[in-house]
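Basis for what follows: all heavy atoms, side chains included, without hydrogens, waters or symmetry-related copies. What you see is a predicted model; the values in this text were computed from it and never measured.
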Amino acid sequence: QVQLVESGGGLVQAGGSLRLSCAASGRTFSTGPMGWFRQAPAKEREFVAGISRSGSITYYADSVKGRFTISRDNAKNTMYLQMNSLKPEDTAVYFCAAARFMLNSGSYFQSASYDYWGQGTQVTVSS
């Protein structure tokens, strides 16, 4: 089993920045691709960003391209999401997720591709 714990959420004004972290523990050697998803009130959970096991391949939702950056430090078993130029529509609970096996490019975008999930961290962007 792998446990994931998010941190770094909070309240920020529009145009501001936040950095989310996702710390993995447990059988972390089995953690492969990872991703960030978010869910706003009364909305479906949506893909935000994904990263391969090595960190060399990344994917982003169109809504965050150019503003968010995903990265990981495998030595620290931690994944990050740097969020800049935040907008009120970025307000949501952000979840990190990890997959046990390699994913093809399309699978990164699907929540069903991931085996482990964190509890989420709230991000609120005020206008």
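Annotation: side chain to side chain contact (heavy atoms under 4.5 Å, CB included) contacts of Val12 (sequence neighbours excluded): Leu18, Leu86, Val125. Qualifying salt bridge (charged side-chain N to carboxylate O under 4.0 Å, His left out) partners for Lys43, counting only residues two or more places apart in sequence or in other chains: none. Not a single salt bridge (charged side-chain N to carboxylate O under 4.0 Å, His left out) links Asp73 to another residue, sequence neighbours left out. When the salt bridge (charged side-chain N to carboxylate O under 4.0 Å, His left out) test is applied to Glu46, the partners found at least two apart in sequence or on another chain are Arg38. Taking Arg67 as the reference, Asp90 meet the salt bridge (charged side-chain N to carboxylate O under 4.0 Å, His left out) condition, with sequence neighbours excluded.
Side-chain atoms of Ser21 and Ser7, non-hydrogen and from C-beta on, do get closer than 4.5 Å to each other. Using a 4.5 Å heavy-atom cutoff, the side chains of Gln122 and Tyr94 are not in contact. Residues Val48 and Leu81 are in side-chain contact: their nearest non-hydrogen atoms beyond the backbone lie under 4.5 Å apart. Looking only at side-chain heavy atoms (C-beta outward), Tyr60 and Asp62 stay at 4.5 Å or farther from each other.
A donor-acceptor pair under 3.5 Å is absent between the side-chain atoms of Thr91 and the main chain of Thr124, judged by distance alone. A donor-acceptor contact shorter than 3.5 Å is absent between the side chain of Ser113 and the backbone of Ser111. Checking side-chain atoms of Asn74 against main-chain N and O of Ser54 turns up no donor-acceptor pair under 3.5 Å.
Taking Ile, Leu, Val, Met, Phe, Trp and Tyr as hydrophobic and joining them when side-chain heavy atoms fall under 4.5 Å apart, one finds Tyr108 in a cluster with Phe37, Phe47, Ile57, Tyr59, Val93, Phe95, Leu103, Phe109, Tyr114, Trp117. Taking Ile, Leu, Val, Met, Phe, Trp and Tyr as members and joining any whose side-chain heavy atoms lie under 4.5 Å apart, directly or through other members, Val5 forms no hydrophobic cluster with any other residue. Here Met102 is tied to no hydrophobic group at all, with no ILVMFWY side chain closer than 4.5 Å.
Nearest heavy atoms, Ala14 versus Ser127: CB-CA, 4.4 Å. Here the shortest heavy-atom pairing between Leu20 and Met83 reads CG-CE, 3.8 Å. The two residues Leu4 and Ala98 have their closest heavy-atom pair at CD1-N, 3.8 Å. The nearest pair of heavy atoms linking Ser17 to Ser85 is OG-N, 4.3 Å.
Within the structure, salt bridge (Lys or Arg N to Asp or Glu O under 4.0 Å) contacts touching residues 1-17 (residues at least two apart or in different chains) do not occur. Annotation: salt bridge (Lys or Arg N to Asp or Glu O under 4.0 Å) contacts involving residues 118-127, sequence neighbours excluded, are absent. Listed by first and then second residue, the salt bridge (Lys or Arg N to Asp or Glu O under 4.0 Å) pairs that reach into residues 112-127 are Arg100-Asp115, sequence neighbours excluded. Listed by first and then second residue, the disulfide (SG to SG under 2.5 Å) pairs that reach into residues 37-127 are Cys22-Cys96, sequence neighbours excluded.
A distance of 14.5 Å separates CE of Met34 from OG1 of Thr58, quoted to the nearest 0.5 Å. The structure places CZ of Arg72 at 7.0 Å from OG of Ser52, a figure rounded to the nearest 0.5 Å. Atoms CD1 and CH2, from Ile70 and Trp36 in turn, are 8.0 Å apart once rounded to the nearest 0.5 Å.
Neither Tyr80 nor Val123 shares a network with the other; the hydrophobic side chains, linked directly or stepwise wherever heavy atoms of I, L, V, M, F, W or Y lie under 4.5 Å apart, form separate groups for each.
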